[in-house]
Amino acid sequence: MSIRVRYAPSPTGLQHIGGVRTALFNYFFARANKGKFILRVEDTDRARYSKEALDDLFETMHWLGISWDEGPGVGGDYGPYFQSQRLHVYREHAEKLIQRGEAYYCFCPPERLKRLREEQQKKKESIGYDRFCRDLPQEEVSRKIKEQIPHVIRLKVPLEGETLFYDKLLGEIKKKNRDLPSDPVLLKSDGYPTYHLANVVDDHLMGISHILRAQEWLPSVPIHIHIYRAFGWEPPFFCHVPMVMGKDGQKLSKRHGSTSIREFREQGYLPEALINYISLVGWSYDDSREFFSKEELERLFTLDRLNKAPGVFDYKKLDWFNGQYIRMKDDEELKALVLPYLLKDGLLSNPPTERELKIVDGMIPLVKERLKKLSEISGMVKFLFVEIDQYSKEDIIPKKMNAETTIRVLKEGRKLIEEFPKHTDEENEELIRRKAEEMGMKVGSFMMPIRVAITGSTVSPPLLGSIRLLGTEKAVKRISGVIEVLKKAV
RNA sequence: GUCUCCUUCGUCUAGUGGUUAGGACACCGGGUUUUCAUCCCGGCAACAGGGGUUCGACUCCCCUAGGAGAUGCCA
C-alpha cells in the first residue's frame with residue numbers, strides 16, 4: 001500500500017513547535033517509507049485567517065528544508081490544496097449526506113445557541129446542541145430554505161451504540177455515541193466547511209493513507225468515523241502522537257516562552273538543531289543516540305518508536321543542541337550566519353568594509369565555542385567595533401587588589417602590549433606570564449584589569465586574540481584611558 | 001461536570017517477566033584553561049500508590065490517585 005500523509009495547518013497563527021513537529025513526523029514518515037508528503041492549507045476559518053500566517057508557513061517550511069510532494073506551489077493530481085478553493089466540493093458532499101439522511105439543515109441562530117449554552121451551564125447540564133432541527137418536517141425545511149434563512153448543515157450522530165476505532169499508537173479506542181458532541185456542524189452558514197467535514201472529505205479524496213497528528217484531535221475521531229461511515233468510505237489509519245507541553249505540564253503556549261519557529265530563528269537557533277531536538281520529543285531511536293541530521297531522520301523514523309506520553313519542551317536542552325551544532329560549523333559558515341546579526345545590531349557598516357570583515361574573520365574562532373545562539377554574537381564582540389562608553393570601577397579593580405596595584409598592572413600591561421606586534425601570540429603570552437610572576441601575581445589576576453580595559457567586561461573572548469584584532473593602538477589607548485580614570489579616583 | 005488519553009531520575013528518554021534500571025540535558029563537585037565558555041572526569045537522581053497473575057514483576061491485568069486534552073458555525 002502506498003503511503004500518503006499530510007500536514008494540514010490552518011493559517012491563523014505563526015508556525016509553532018507543536019505544529020512543526022507534526023509536520024516533521026509526517027514528512028519523515030513519508031520519506032522513510034517512500035511515500036508522499038502532502039501540504040494542505042486548511043483556510044476555512046475566514047474570521048481568523050491571516051496572510052502573515054500563510055507566508056510564515058511557507059517561510060518556516062523552507063527554512064527547515066521540509067519540502068512537499070503535493071501542495072501549494074508544486075501542485076499535484078488531487079488539488080487544489082487550499083480548502084478555500086474547494087468549497088463546492090464540501091457543499092456537494094454535505095448535501096449528499098442530507099440526501100442520505102445522515103445530515104440535516106439547522107436554522108438555529110447563534111443567539112439561540114448561546115442562550116442554550118448559558119442555560120446548560122447554569123443548570124450544570126452537559127453542554128451541547130439540543131438537536132432542535134434534527135427532525136424538522138420536510139415542508140418547513142423547504143420553506144425556510146426558500147426564504148433564505150441562514151442555516152448550517154449538521155451531522156446526524158447516532159444516539160445509541162458506540163464507536164470504535166484503532167489507533168496505531170494507542171490501540172483500540174471506544175466511545176459511547178451518547179458521549180459524542182451532539183450533531184456537530186459540517187457546513188457553516190457562510191458556506192465554508194468545518195474542520196470535521198473538510199478534513200474527512202479531503203483526506204478521502206486525496207487518498208491519504210495515514211493521519212498522523214497530535215493527540216488533541218483524539219476526541220473528534222469518532223465524529224470523523226461517523227462521517228466516513230455516512231459516506232460509505234474506509235477511514236485511513238490513525239496515529240495520534242503525544243502533545244508538546246510547557247514546563248508546568250500544560251499545552252505549550254506563549255506564556256512558556258518562545259513558541260513560534262520565527263522567534264527561534266530570529267534568536268539564532270539553527271534549523272538542524274531545532275529539527276534534531278523537536279524530533280526527540282515523543283520519539284526516540286534507541287537508548288543512546290541523539291544526534292540526527294534531517295537526512296538521517298528521513299531514513300530512520302518509524303512509528304513504533306513513538307512515545308505515548310506527552311513531553312515537556314526543554315528550552316535548555318535545545319540551547320545545548322544549538323551550541324553543539326554551532327560548533328560543528330566551519331568558520332566560513334559561521335561567519336555567514338553571524339553577519340546578519342552584526343549588521344542588524346549596527347556593529348558593521350552596510351556593506352561591511354574590508355577591515356571589518358577581516359576582524360570578523362579573526363573573531364570567529366574566538367567565539368565559536370562560546371555561542372549558544374547566534375544572537376549572542378554582538379554582545380560578545382561589540383568591543384571590537386565600538387568604543388566602550390562606560391567602565392564599572394568594581395570590574396576594573398579586581399577583588400583583593402587596590403587602585404594602586406591595578407594602575408601598576410595596567411602600566412606594565414601597556415608596555416607589553418606596545419611590543420605585541422614584534423612577537424607571536426605564544427611569545428606574548430610567555431612575556432605576560434613572566435611579568436605576572438615577577439609581580440607575584442597569578443596570570444589570571446594580572447590579565448583581568450587589562451581584559452576589562454580592553455573589552456569593558458570581566459567576561460570576554462580570549463584576550464590576546466582580542467587585542468590582536470582590535471589593534472595595538474586602540475588597545476593602548478583604552479588602557480591609558482582607564483589609568484587616567486583610576487588616577488582621578490585615587 | 002462528562003468523556004478520552006497518559007504515568008521510569010527535575011526534564012527528554014532506553015527498557016517489552018529475571019538488568020547494579022542505561023543514556024542525554026539540567027544541577028552539584030573536580031580537572032584543563034587567561035575571564036567566560038568549550039573539553040574531560042565524577043556525583044546526585046526514577047519505575048505514582050494499592051491489589052492481583054507468576055517461581056519471579058518497571059514490564060501483564062484490575063482499582064485508586066495525579067496529570068493532560070476535548071467538550072464551538074476554531075482548527
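Only a predicted model underlies this, so the values are computations on that prediction, with no experimental measurement involved. Here is the naming used below: chain letters follow the sequence lines, and residue numbers restart at 1 for every chain.
- Using Watson-Crick or G-U wobble geometry with both donor-acceptor distances under 3.5 Å, B:rA75 finds no partner in any strand shown.
- Between A:Phe291 and A:Phe321, the gap from one ring centroid to the other is short of 6.0 Å.
- Nearest-nucleotide positions on RNA chain B place A:Ser288 closer to the 5' end than the other of A:Leu464 and A:Ser288.
- If you check the side chains of A:Arg451 and A:Ser460, you find a donor sitting under 3.5 Å from an acceptor.
- Among the atoms of the strands shown, none is found under 4.0 Å from any heavy atom of A:Pro11.
- Note: NE2 (A:His240) to P (B:rC6) measures 13 Å, nearest angstrom.
- Taking the ring centroids of A:Tyr195 and A:His224, they lie under the 6.0 Å cut-off.
- Mapping A:Thr458 and A:Thr12 onto RNA chain B by nearest heavy atom places A:Thr458 at the nucleotide closer to the 5' end.
- Using atom P as the reference point in both B:rA48 and B:rU8, the two lie 6 Å apart (nearest Å).
- When rounded to the nearest whole Å, the span between CG of A:Leu186 and C1' of B:rG72 equals 14 Å.
- A:Val312 comes within 4.0 angstrom of sugar-phosphate atoms only, judged by non-hydrogen atoms across all strands, and of no base.
- Heavy atoms of A:Ser284 sit under 4.0 angstrom from primed sugar atoms or phosphate atoms, though from no base atom.
- The gap from the P atom of B:rU11 to that of B:rG30 amounts to 27 Å, rounded to the nearest Å.
- The side chain of A:Asp314 approaches B:rC25 more closely than any other nucleotide in the set B:rC74, B:rC25, B:rC6.
- Among the protein residues, A:Leu180 comes within range of no part of the nucleic acid, since none of its heavy atoms lies under 4.0 Å from any strand.
- Taking side-chain N and O atoms only, A:Lys308 has no distance below 4.0 Å to OP1 or OP2 of B:rU8.
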With 3.5 Å as the limit, what N/O pairs link the protein to nucleotides 42-44 of chain B?
none

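- Tested against A:His210, the residues A:Phe237, A:Phe238, A:Phe37 include a single ring-ring contact (aromatic ring centres under 6.0 Å, His included) partner, A:Phe237.
- The distance between atom CG of A:Asp183 and atom P of B:rC73, rounded to the nearest whole Å, is 11 Å.
- Straight-line distance from the CG atom of A:Asp287 to the C1' atom of B:rC25: 16 Å, rounded to whole Å.
- Of the possible donor and acceptor atoms, one in the side chain of A:Ser457 sits under 3.5 Å from a partner among the backbone N and O of A:Val459.
- Closest contact between the side chain of A:Glu369 and the listed nucleotides B:rG23, B:rA37, B:rC12 involves B:rA37.
- The residue A:Lys174 sits close only to the backbone: its heavy atoms come under 4.0 Å of sugar-phosphate atoms, none of a base.
- At the heavy-atom level, A:Glu376 lies nowhere under 4.0 Å from the strands shown.
- Taking atom P on both B:rU4 and B:rC47, the two are 29 Å apart, rounded to the nearest angstrom.
- Within 4.0 Å of A:Arg117, counting heavy atoms only, lie sugar-phosphate atoms of the nucleic acid but no base atom.
- Across B:rC25 and B:rC40, the matching P atoms stand 9 Å from one another, rounded to whole Å.
- Taking only distance into account, the side chain of A:Ser10 never meets the base of B:rC74 through a donor-acceptor pair shorter than 3.5 Å.
- Side-chain polar atoms of A:Tyr277 and A:Asp314 form no donor-acceptor pair below 3.5 angstrom.
- In this structure, A:Leu170 reaches the sugar-phosphate backbone alone: every heavy-atom distance under 4.0 Å involves primed, P, OP1 or OP2 atoms, never a base.
- Under 3.5 Å, the side chains of A:Asn428 and A:His423 contain no donor-acceptor pair of N or O atoms.
- Rounded to whole angstrom, the span from the CZ atom of A:Arg46 across to the C1' atom of B:rA75 amounts to 15 Å.
- If you check every strand for non-hydrogen atoms under 4.0 Å, A:Asn307 touches sugar and phosphate atoms only.
- Spacing of P atoms, B:rA45 relative to B:rC6, comes out at 31 Å, to the nearest Å.
- Side chain to side chain, A:Arg229 and A:His226 meet the donor-acceptor criterion of an N or O pair below 3.5 Å.
- Across all strands, A:Pro461 comes closer than 4.0 Å to base atoms (heavy-atom distances).
- At least one side-chain nitrogen or oxygen of A:Gln324 sits closer than 4.0 Å to the OP1 or OP2 atom of B:rC39.
- Among the candidates A:Trp283, A:Tyr7, A:Phe301, the single residue satisfying the ring-ring contact (aromatic ring centres under 6.0 Å, His included) test with A:Phe25 is A:Phe301.
- B:rG67 and B:rU20: their C1' atoms are spaced 32 Å apart (whole Å).
- Rounded to whole Å, the distance from CG on A:Leu187 to P on B:rC73 is 13 Å.
- Annotation: salt bridge (charged side-chain N to carboxylate O under 4.0 Å, His left out) contacts of A:Glu437 (sequence neighbours excluded): none.
- Using a 4.0 Å cut-off, some side-chain N or O of A:Arg305 falls inside it from OP1 or OP2 of B:rG15.
- One atom, CG of A:Leu463, and another, P of B:rU33, lie 17 Å apart when rounded to the nearest Å.
- Taking atom P in both B:rC63 and B:rA68, the straight-line distance is 22 Å, to the nearest Å.
- In this structure, the ring of A:Trp320 has its center no less than 6.0 angstrom from the ring center of A:Tyr315.
- A donor-acceptor contact under 3.5 angstrom links the side chains of A:Arg6 and A:Asn199, judged on distance only.
- One finds a side-chain N or O of A:Thr44 lying less than 4.0 angstrom from the OP1 or OP2 phosphate oxygen of B:rA75.
- Counting any heavy atom pair closer than 4.0 Å across all strands shown, A:Met448 reaches sugar-phosphate atoms only and no base atom.
- In the model, A:Asn177 has a side-chain atom that pairs as donor or acceptor with a side-chain atom of A:Thr163 under 3.5 Å.
- Between A:Ile223 atom CD1 and B:rU4 atom C1' there is a gap of 13 Å when expressed in whole angstrom units.
- To the nearest whole angstrom, the two P atoms, one in B:rU54 and one in B:rG49, are 23 Å apart.
- Contacts of A:Gly323 with the nucleic acid, taken as non-hydrogen atoms under 4.0 Å apart, are absent.
- Comparing B:rA37, B:rC73, B:rC3 by their closest approach to the side chain of A:Arg370 singles out B:rA37.
- Side chain to side chain, A:Tyr90 and A:Asp202 meet the donor-acceptor criterion of an N or O pair below 3.5 Å.
- Nearest nucleotide to the A:Thr194 side chain, out of B:rA75, B:rC12, B:rG23: B:rA75.
- A:Lys316 has no side-chain polar atom (N or O) that falls below the 4.0 Å cut-off from OP1 or OP2 of B:rA24.
- Of all nucleotides listed (B:rU35, B:rC39, B:rA75), B:rU35 comes nearest to the side chain of A:Ser460.
- Distances were taken from every side-chain heavy atom of A:Asp179 (C-beta onward) to each of B:rG23, B:rC3, B:rA75; the shortest belongs to B:rC3.
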Task: Protein proximity profile, nucleotides 66-71 of chain B - base contact B, sugar-phosphate-only contact S, no contact -, cut-off 4.0 Å on heavy atoms - done: --SSSS
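- Residue contacts shown for A:Leu113 include a base, since a base heavy atom lies under 4.0 Å away.
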